[in-house]
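Following: one structure in structure tokens, then a few remarks.
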Amino acid sequence: MIALVDCNNFYVSCERVFNPSIHNRPIVVLSNNDGCIISRSDEAKALGIKMGSPFFKNRTIIDKNNVYVYSTNFPLYSDMSQRIMSLLIKKYLHVEIYSIDEAFLDYSNIIKPLKDALHIQTQILKWIGIPVSIGIAKNKTLAKIANKIAKNKCRENILQINCQEKLNKYLKETCVSELWGIGKQYAKFLMNSGINNAYELSHCSDSWIKKKLSILGLMTVDELRGKSCFKILMEKQSKKSIRVARTFSKGINDFILLSNRLSTFTNLCSEKLRKENAYARKVTIFISTNPFNRDLNSHYYAKKTIFFESPTNNALKIITHVMRALRLIYKNEFIYKKTGIILSDIIPKSKIQLSFFNNEFENAKENSLMDAIDKINKAYGKMTIFPASNGNRQNYFPKQKYLSPRYTTQINELMKVVA
DNA sequence: TCTGGGGTCCTAGGACCC
DNA sequence: TCTGGGGTCCTAGGACCC
């Protein structure tokens with residue numbers, strides 16, 4: 001059994017903790033630049049304010065109903081999140097922090113799941129002040145479904161799906177668009193194909209699903225059928241890319257202004273990288289015109305990736321590459337609305353071996369790189385690697401690959417870094 | 001007039017290699 | 001005139017998540 005703990009209207013709930021006077025009032029929290037609505041209280045939802053919709057389009061409803069409006073306060077939200085997560089980690093052995101407001105718990109050894117869930121729910125509310133919903137079911141996808149129903153239809157905000165009868169009933173009640181892993185495009189496609197709810201989806205053929213929705217879609221469908229495909233990932237996953245991007249309130253078409261902004265982004269980005277104790281192998285910059293402009297001919301999007309000679313986290317080095325990329329794509333006749341930089345192909349310094357080799361060699365990280373390579377050679381005759389994305393998908397993908405020349409080069413580079 | 005930011009993963013197809 | 005087979009690597013583009 002897996003339980004999903006999900007905070008109700010998280011950002012709004014955080015604001016309420018520090019301002020109890022707004023408890024029964026409609027509240028919304030806005031995104032960066034106060035552009036979109038990204039969190040709503042139940043009262044605001046009842047007014048018909050949509051998630052992600054632009055602030056200016058809701059202006060009339062907001063003014064008319066005295067809706068409280070907050071700009072985001074991310075430091076506050078992540079602090080509150082940490083408090084909740086550490087409470088969970090203290091109490092449970094296996095916890096996956098899935099997002100700022102969600103965590104999966106391994107409930108396989110919990111004897112009375114409902115009672116236990118009620119207890120932790122009460123504790124979080126009492127000690128931290130945040131209301132949470134808890135869904136309990138056989139796997140992550142079903143726990144997501146249980147959570148959604150718990151949040152919207154159960155008085156206690158807790159629901160366990162523990163028999164096939166209940167499961168079938170809930171699957172039939174769940175529209176494909178509400179499923180975890182089925183987004184707008186897939187939902188549209190499925191409904192056009194006559195598949196409207198989760199129950200119908202679970203009866204589609206494997207080959208068709210895989211072809212149309214990719215391997216991840218098939219895993220989702222397998223979970224609806226009761227298999228467990230997505231494991232609980234306890235270890236903090238090291239980042240594979242880091243990005244800083246902004247939409248400007250006014251478009252920019254001046255090269256100097258753009259490069260100034262990009263320098264700032266580069267600093268922020270490499271700061272994040274150093275915080276991760278990691279190095280990046282490439283940088284991508286992108287710039288785009290206003291995507292909401294009605295004139296489609298004025299849409300312009302450009303992206304340029306530059307590889308480093310060796311992995312780095314040095315902002316000055318990165319900036320020279322960023323500027324080169326900007327010069328390559330800059331065209332004066334456009335007014336850019338959005339720019340960003342992405343550092344990717346990230347190598348965690350503290351466990352360099354791990355990023356290239358099988359988990360079995362985790363304990364090799366204490367030793368030198370050469371030792372690790374020797375061990376691997378002895379064990380396998382030739383080196384063994386796993387693609388980074390293989391973690392969850394061992395049932396679907398063959399495990400072994402031989403070490404290609406590409407990786408030999410990378411190892412040589414890594415050894416330079418280590419030295 | 002005003003429409004977020006930060007991530008992950010998969011797939012197809014071309015380049016390239018032996 | 002015919003035009004292999006098996007493999008890797010990289011990228012663009014498109015999907016998804018909160």
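Per chain, numbering begins at 1; letters A, B, ... match sequence-line order.
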Discussion item. Counting Watson-Crick and G-U wobble pairs with both distances under 3.5 Å, what is the dot-bracket string for DNA chain C, 5' to 3', using [ ] for crossing pairs and | for pairs to another strand?
Written reply: ....||||||||||||||
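- Nearest to the side-chain atoms of A:Y98 among the listed nucleotides C:dC17, C:dC16, B:dG7 stands C:dC17.
- Nearest nucleotide to the A:K272 side chain, out of B:dG6, B:dC10, B:dT3: B:dG6.
- Side-chain nitrogen and oxygen atoms of A:R243 include none within less than 4.0 Å of the OP1 or OP2 phosphate oxygen of B:dT8.
- For A:K240, the side-chain atoms get nearest to B:dT8 when compared with the rest of B:dT8, C:dC16, B:dG6.
- As judged by a 4.0 angstrom heavy-atom cut-off over every strand, A:K239 is placed among residues touching the sugar-phosphate backbone only.
- For the pair A:D34 CG and B:dT3 C1', the interatomic distance rounds to 12 Å; values are reported in whole Å.
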Worksheet item: Should A:M323 and A:R327 be marked as a side chain to side chain contact (heavy atoms under 4.5 Å, CB included) after you check the CA-CA gap, both sets of side-chain angles, and the distance that decides it?
Response: CA-CA 6 Å; A:M323 289 307 141; A:R327 275 194 293 276; 4.1 Å; yes
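- In this entry the distance linking CD of A:E96 with C1' of C:dC18 reads 13 Å, nearest Å.
- Among the protein residues, A:E102 comes within range of the sugar-phosphate backbone only, with heavy atoms under 4.0 Å from sugar or phosphate atoms but none that close to a base.
- Residue-level contact check: A:I242 touches the backbone only, with heavy atoms under 4.0 Å from sugar-phosphate atoms and none from bases.
- Distance A:I97 CD1 to B:dT8 P: 16 Å, rounded to the nearest Å.
- The ring pair (Phe, Tyr, Trp, His ring centres under 6.0 Å) test with A:F104 singles out one residue from A:Y98, A:F230, A:Y92, and that residue is A:Y98.
- Among the heavy atoms of the strands, none lies under 4.0 Å from A:F55.
- Within the 4.0 Å cut-off from OP1 or OP2 of B:dC10, not a single side-chain nitrogen or oxygen of A:K210 is found.
- Not less than 6.0 angstrom separates the ring centroid of A:Y70 from the ring centroid of A:Y11.
- Checked against C:dC18, B:dG5, C:dT11, the side chain of A:F307 finds its nearest nucleotide in C:dT11.
- At a threshold of 4.0 angstrom between heavy atoms, the contacts of A:K282 are confined to the sugar-phosphate backbone, with no base atom among them.
- Shown are A:S41, A:P26, A:C7; of these, the side-chain contact (heavy atoms from CB on, under 4.5 Å) with A:V12 is made only by A:S41.
- In this model, the phosphate group of C:dC17 is not approached by any side-chain N or O of A:S99 to a distance below 4.0 Å at OP1 or OP2.
- Summarising the geometry, the separation between CD on A:E178 and P on C:dC16 is reported as 15 Å, rounded to the nearest angstrom.
- Between the CG atom in A:L201 and the OG1 atom in A:T174 there is a gap of 11.0 Å [rounded to 0.5 Å].
- Aromatic pair A:Y279/A:F308: ring centres not closer than 6.0 Å.
- Where A:K337 and A:V244 meet DNA chain B, the nucleotide closest to each residue was compared, and A:K337 sits on the side nearer the 5' end.
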Worksheet item: Under the ring pair (Phe, Tyr, Trp, His ring centres under 6.0 Å) criterion, do A:Y186 and A:W180 qualify, and how do the steps go?
Response: CA-CA 11 Å; A:Y186 285 165; A:W180 186 49; over 10 Å; no
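- The distance from atom CZ of A:F286 to atom P of C:dT11 is 18 Å, rounded to the nearest whole Å.
- Spacing between B:dC2 and C:dC18 at atom C1', rounded to whole Å, works out to 25 Å.
- Taking only side-chain atoms of A:Q185, from C-beta outward, the nucleotide of C:dC16, B:dT3, B:dC10 with the closest atom is C:dC16.
- Taking every side-chain heavy atom of A:S241 into account, B:dG7 is the closest of B:dG5, C:dC16, B:dG7.
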Show me the donor-acceptor pairs within less than 3.5 Å that the side chains of residues 288-295 of chain A make with the rest of the protein, sequence neighbours left out.
from	atom 1	to	atom 2	distance (Å)
A:T289	OG1	A:S298	O	3.1
A:T289	OG1	A:Y300	N	2.7
A:T289	OG1	A:Y300	O	3.3
A:N290	OD1	A:F292	N	2.9
A:N293	OD1	A:D295	N	3.1
A:N293	ND2	A:S298	OG	3.3
A:D295	OD1	A:N297	N	3.0

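- Considering only the side chain of A:A245, B:dG6 comes nearest among B:dG6, C:dC18, C:dT11.
- The nucleotide whose nearest atom lies closest to any side-chain atom of A:F56 is, among B:dC2, C:dC18, B:dG7, B:dC2.
- Side chain of A:K57, nearest nucleotide from B:dC9, C:dC18, B:dT3: B:dT3.
- For the pair A:N293 CG and B:dT1 P, the interatomic distance rounds to 12 Å; values are reported in whole Å.
- Nucleic acid contact for A:L30: none, since no nucleic acid atom lies under 4.0 Å from a heavy atom of the residue.
- Backbone-only engagement by A:R246 is indicated by non-hydrogen atom pairs under 4.0 Å involving sugar-phosphate atoms exclusively.
- OP1 or OP2 of C:dC18 sits under 4.0 Å from a side-chain N or O of A:K144.
- Applying side-chain contact (heavy atoms from CB on, under 4.5 Å) to A:V5 and the options A:V95, A:D101, A:L105 leaves one that passes, A:L105.
- Nucleic acid contact class of A:D101 (heavy atoms, under 4.0 Å, all strands): sugar-phosphate only.
- The side chain of A:I215 approaches B:dT11 more closely than any other nucleotide in the set B:dT11, B:dG6, C:dA15.
- In this structure, A:S249 does not reach the B:dC2 phosphate: none of its side-chain N or O atoms is under 4.0 Å from OP1 or OP2.
- The separation between A:D345 atom CG and C:dC10 atom P is 8 Å, rounded to whole Å.
- Nucleic acid contact class of A:I37 (heavy atoms, under 4.0 Å, all strands): none.
- In this entry the distance linking NZ of A:K184 with P of C:dC17 reads 12 Å, nearest Å.
- Closest heavy-atom contact between A:T320 and A:K317: OG1-O, 2.6 Å.
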